[in-house]
Amino acid sequence: MTEKKAGGMSQQLLARLVMIVAAVGLVVAFFLPWASAGEGFRDAAASFPDVMFYEPAGVTVADATDLSLLEYAGVYAAMGENTAWLIYAVIMYAILIVSAITVLLAALGKPIGATLVGALAFAGSRLLVWDFGDRGALPSSTHGWGIAPTIYVAAFMVLVVASVWMLLLKRRARQQDSQKEVSA
């Protein structure tokens with residue numbers, strides 16, 4: 001193996017690793033705070049941590065200081081008598097599922113597939129950002145935006161850049177292989 005080809009392979013490995021890390025960022029964002037409580041709510045929660053915030057989902061006031069999409073999905077699923085709330089839960093769990101598929105595609109070195117499926121997770125997160133803002137759910141008098149919406153944006157952008165990088169590296173490798181075949 002030539003030195004140039006080995007360098008190309010190590011760059012492809014690095015591009016794949018960056019894709020995987022970005023895709024894992026999409027999964028991790030599901031479990032990070034989507035909403036974070038302000039100081040007033042945090043102080044009250046510290047005084048009464050075991051008071052129920054939403055009993056059907058088992059969420060206490062202490063749990064509600066930082067709410068992830070996992071917790072929101074649980075709350076919305078517990079409100080299942082209304083189909084609209086169930087749709088929210090399905091959208092949130094779908095974001096997690098497509099994020100996990102994105103990790104798999106990134107690990108398999110499929111930049112186009114990882115980007116397309118990752119775009120679904122990104123689009124779902126942006127839909128929820130718009131919806132929470134439109135309904136006035138966030139920001140509210142007690143909670144502001146958490147870190148998760150920002151992680152979705154950053155992870156998706158890194159995924160796109162790493163995917164393009166990997167595609168360019170694969171294209172360059174194919175061109176070099178065809179030039180060697182022509183000259184041989």
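This one's a predicted model, so the numbers in the text were calculated from it and none came from an experiment.
Under the 30°/60° scheme for interplanar angles, the aromatic rings of Y93 and F30 are found to be tilted. Relative ring orientation between F132 and Y72 is described as perpendicular, the plane-to-plane angle rising above 60° on a 0-90° scale split at 30° and 60°.
Within a 6.0 Å radius of CG in L116, more than 12 heavy atoms belonging to other residues, nucleotides or ligands are found. Counting heavy-atom neighbours within 6.0 Å of F48 CZ, excluding the residue itself, gives a total of 12 or less. Residue K170 qualifies as enclosed at atom NZ: its count of foreign heavy atoms under 6.0 Å is above 12. Counting heavy atoms of neighbouring residues, nucleotides and ligands inside a 6.0 Å radius, atom CD of Q175 exceeds 12 of them.
Rounding to the nearest 0.5 Å places OH of Y76 at 5.0 Å from CE of M92.
A cation-pi arrangement is present between R135 and Y88, with the terminal nitrogen or guanidinium carbon under 6.0 Å from the aromatic centre and inside a 45° cone about the axis.
The side chain to side chain donor-acceptor pair (under 3.5 Å) test applied to D66 returns S36, R42, not counting sequence neighbours. Applying the side chain to side chain donor-acceptor pair (under 3.5 Å) rule to T150 yields no partners; only residues at least two apart in sequence or on another chain are considered. Considering only residues two or more places apart in sequence or on other chains, S163 meets the side chain to side chain contact (heavy atoms under 4.5 Å, CB included) condition with M19, P111, T115, L159.
Using a 4.5 Å cut-off on side-chain heavy atoms (C-beta onward), L128 and I95 make contact.
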